[in-house]
Amino acid sequence: MKPPPPPAADHATAKAPVLIAGITSAIGRALAEVWALRGHPLILTARQPADAASTAADLTLRFGVPTTTLAYDAEPPGLAGTAGWQAAFHQAHAAVSPNDGATPATPVLHGVVVAFGLFGRTLEVTQDPTLHARMQRINAHAVDELLAALLPRVAPTGFAAVVSSVAGDRPRPSLQSYAESKQTLNTLLARHRAGQTGGPARGPTITIIKPGPVETPMTWGIVPPGKGAPPARIARDAAAAIDARRSAVYTPFHWRYVMGILRLVPGPIYRRLPI
Amino acid sequence: MRHADLTLSGVNFVPRQRCAVYRPARPADHAALLQNPAVTSVVARGAGRSYGDAALNQNAAVAEQVWLDRLLAFDTAAGTATCEPGLTLERLIAAVLPHGWFPKSTPGTQLATVGGCVAADVHGKNHHVDGGFAESVVAFDLLTPDGLTHTCRPDTNPDLYWSTLGGMGLTGFIQRVTLQLKPVTSAYLDVRYRQTANVHGLFDAFEADPTPTYSVAWLDCLATGDRLGRGVLIEGEHAAADTLTGPAARAPLTPPPRRVVTLPVHLPGFALNRLSVKAFNAAYYRKHASGTAVERYDAFFYPLDAVRHWMRGYGRRGFVQYQTVLPDDGGREGIVKQLQTIAASGQSSFLSVLKRFGAQSRGWLSFPHPGYTLALDLPNRGSRLHRLIRELDAITLDHGGRVYLAKDSFLQRPAFDRMYPHADRFRALRQHIDPDRRINSSLARRLGLNGA
């Protein structure tokens, strides 16, 4: 969607797009607003592009940036590497780029935000045996594939940011499978980082966002209301960490210390903690 | 869809009730809620800015619209905007004002949602000129309990249209709303203040000049005798950009961010007492000597929004806002009688507002009606307050007036039926579109809106 004529200065034209994978997630939408406010065109993915269309319109109308939607499903078959998906990505990139119509040979992104995820408590995993594998797939391996496909497109000064969770620092029994999938994610991201030649100064930053409980559609009814941070807070902290080219950020910040302590608790005691 | 069991209230903390709180994230979630056998009944809730039990459904479900807050379309040439019901006026204004558009009608807070404004058919300081919120609605999509979505306009599904505007959310779920905005050249208003010695001076001032687009009067409820209802008439017009000076002239449509302070905790119940409020009222009265000023839109329309959680000033027991409209015939006497009744009760309204309404809204349960409307903030003093409200209701009924459903939690069916002549028509429509009362609220049960 192309924006209406901007009211003041035209700030959008020169900037490279940011791709938000998982725009129906509340944190994804909050992060999209951060880069929309900075004037970056946005490519928004959802399983069903129709689900992304209303958010795309909202971002264009409120922030005056071009947006487009792109179908992406984290569940198998993984499409990120396929020629068909790459072509769709090229098309989406051209749609929000200033040179209308002409597909650039090598589309460049300013950044990639991965915000999709699947949440399940141990309680639900015992009722649905496929849930464990689905969380591993969606929360970890799909992210790995997507980054493998998109990182080469990100400008060296750009970034990739992935929404993980404090849960991945140390799994707790009530969230075992979810936490494991985030642990896997953190490991796979380290691999991407190691695979970059030239170190962080010359490649895009990879920032792991580790939120504590957040008030989102994913956690509504689980995280007690008022106990979760607002998605906008997560996005603000994440953006500051990305700007500072940090590799990980706990948000809200106190989770850094909470997890620092929890990691030190001996196993037999940890398993008995009421968490 | 998961829910959270919460104790909820309106903005005034009276009453507090247990509700199962759902938060639809996609418009399609509403249909799922209506079919969910675990949900006995449900009502939409916006930002929780109404007073009373309109957005409560005790021991049943409410569907908070806060995540359905997208602006879907905005025609910068025609000044029409389409949005989801949970979009707040604050975010709507932030998107449209830089393009030179402003809501045609706005209540006294911009934290309310567009869906809530439709449901309560809210009014603004320009009702006598431009009508209420309903007059700014072009169309909306309504999901009725049978699972069908109806596009409603004055000429398409008129019954659903006029029953939903002011219908307190009881006809279904609003899926999207299209509003007509009004063109402005600046975010500022030319404001004129006029002090009057008592409430009669206010009446005279209102009627001497009905032309200002925005007009409202603040009045001092604690002054008595000859000074009963001494007040300040506040009139405003959108300022033309070329009349502004200083920084405002350089960016007429984009004022700098407003400074907002937060009241972090509930004040003790005695913080707002006759003495402290008397002192405040005297200071406010003196400060607003007659004169003119240029004010930014949010300071003019939304003064209380500058203090986040201002309602905590009333303490945990909260307060009740009583708003009534009395027709012109005998309306002046009725308003005076109500002010005297409050003074005689030994209770006091801490914030009192008087305004003149224009033509009657066509919404079946819409509040505005030609005459004078008086809004009072009364701290919750339990049974003493209930007695006072019964007395005020009696005066309202005597004068052929009505109370505002978005601010009420006391009215019972017999009085309600006398105040709202279309009540039975509204009941019949609900019987037709929602025989199982899938949509229900505490307000609906209190006012007997479920019965035949």
Side-chain angles (χ1 to χ4, degrees), chain A residues 1-11 22-30 32-33 36-37 44 46-48 50-65 67 69 119-121 123-124 213-228 230-232, chain B residues 1-8 19-29 38 48 61-64 66-88 90-101 141 175-176 185 187 250-254:
Chain A
M1 179 166 190
K2 293 287 180 188
D10 187 359
H11 50 60
I23 191 60
T24 58
S25 104
I27 298 178
R29 187 175 167 213
E33 292 196 359
L37 190 62
L44 310 172
R47 256 173 301 185
Q48 303 290 335
D51 284 343
S54 57
T55 306
D58 177 71
L59 290 164
T60 296
L61 295 170
R62 289 177 46 227
F63 299 98
V65 294
T67 56
T69 61
F119 184 77
R121 291 169 291 183
L123 185 75
E124 285 137 2
V214 189
E215 203 166 282
T216 70
M218 190 179 88
T219 62
W220 183 250
I222 297 173
V223 172
K227 300 284 183 202
Chain B
M1 214 185 340
R2 297 193 198 92
H3 70 274
D5 288 307
L6 296 176
T7 301
L8 288 184
C19 303
V21 182
Y22 290 83
R23 280 195 177 175
R26 294 176 306 168
D29 291 344
V62 302
E64 285 191 329
V66 286
W67 287 335
L68 295 170
D69 63 346
R70 295 170 190 86
L71 183 59
L72 301 171
F74 173 36
D75 183 331
T76 53
T80 54
T82 302
C83 64
E84 291 179 329
L87 183 74
T88 60
E90 183 177 34
R91 287 175 77 151
L92 175 70
I93 292 168
V96 302
L97 184 54
H99 294 271
W101 297 99
D141 285 355
Q175 306 281 283
R176 52 166 64 199
T185 57
R250 284 192 289 280
L253 288 167
T254 50

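Given the structure is predicted, the values throughout are model-derived calculations rather than measurements. Here is the naming used below: chain letters follow the sequence lines, and residue numbers restart at 1 for every chain.
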> In terms of heavy-atom pairs under 4.5 Å, which option from B/A81, B/A28, B/A4 contacts chain A the most?
Replying inline: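 Answer, by heavy-atom pair count under 4.5 Å with chain A: B/A4.
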
> For the candidates B/T254, B/D5, B/V21, B/D29, which exhibits the highest count of non-hydrogen atom pairs separated by less than 4.5 Å from chain A?
Replying inline: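 The answer is B/V21.
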
> Any salt bridge between B/R91 and A/E33, counting N to O under 4.0 Å?
Replying inline: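 Yes, charged N to carboxylate O under 4.0 Å.
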
> When you check the gap from the basic side-chain N to the acidic O, do A/R29 and B/D69 get nearer than 4.0 Å?
Replying inline: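 Here A/R29 pairs with B/D69 in a salt bridge, since their nearest N and O are under 4.0 Å apart.
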
By a 4.5 Å heavy-atom criterion (distance strictly below it), what part of [X] contacts chain A: side chain, backbone, both, or neither?
{"X": "B/R26", "result": "side chain"}
{"X": "B/V96", "result": "neither"}
{"X": "B/L6", "result": "side chain"}

Residue, of [options], that accumulates the most heavy atom pairs under 4.5 Å with chain B:
{"options": "A/G221, A/P224, A/S54, A/A56", "answer": "A/S54"}
{"options": "A/T24, A/T216, A/V223, A/L59", "answer": "A/T216"}
{"options": "A/A53, A/P217, A/A26, A/A57", "answer": "A/P217"}

Looking at [X], I'd like to know if its [atom1] atom is crowded, meaning that more than 12 non-hydrogen atoms belonging to other residues, nucleotides or ligands lie closer than 6.0 Å.
{"X": "B/R70", "atom1": "CZ", "value": "yes"}
{"X": "A/Q48", "atom1": "CD", "value": "no"}
{"X": "A/R121", "atom1": "CZ", "value": "yes"}

> How long is the gap from CD on B/E84 to OG1 on A/T55, to the nearest 0.5 Å?
Replying inline: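 If we round to the nearest 0.5 Å, B/E84:CD and A/T55:OG1 are 7.5 Å apart.
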
> How far does CZ of B/R2 sit from CH2 of A/W220, to the nearest 0.5 angstrom?
Replying inline: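 Those atoms lie 12.0 Å apart.
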
>> Looking at A/D58 and B/L72, would you say the former's side chain and the latter's main chain have a donor-acceptor pair under 3.5 Å?
In response: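 No, because the side chain of A/D58 does not come within donor-acceptor range (under 3.5 Å) of the backbone of B/L72.
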
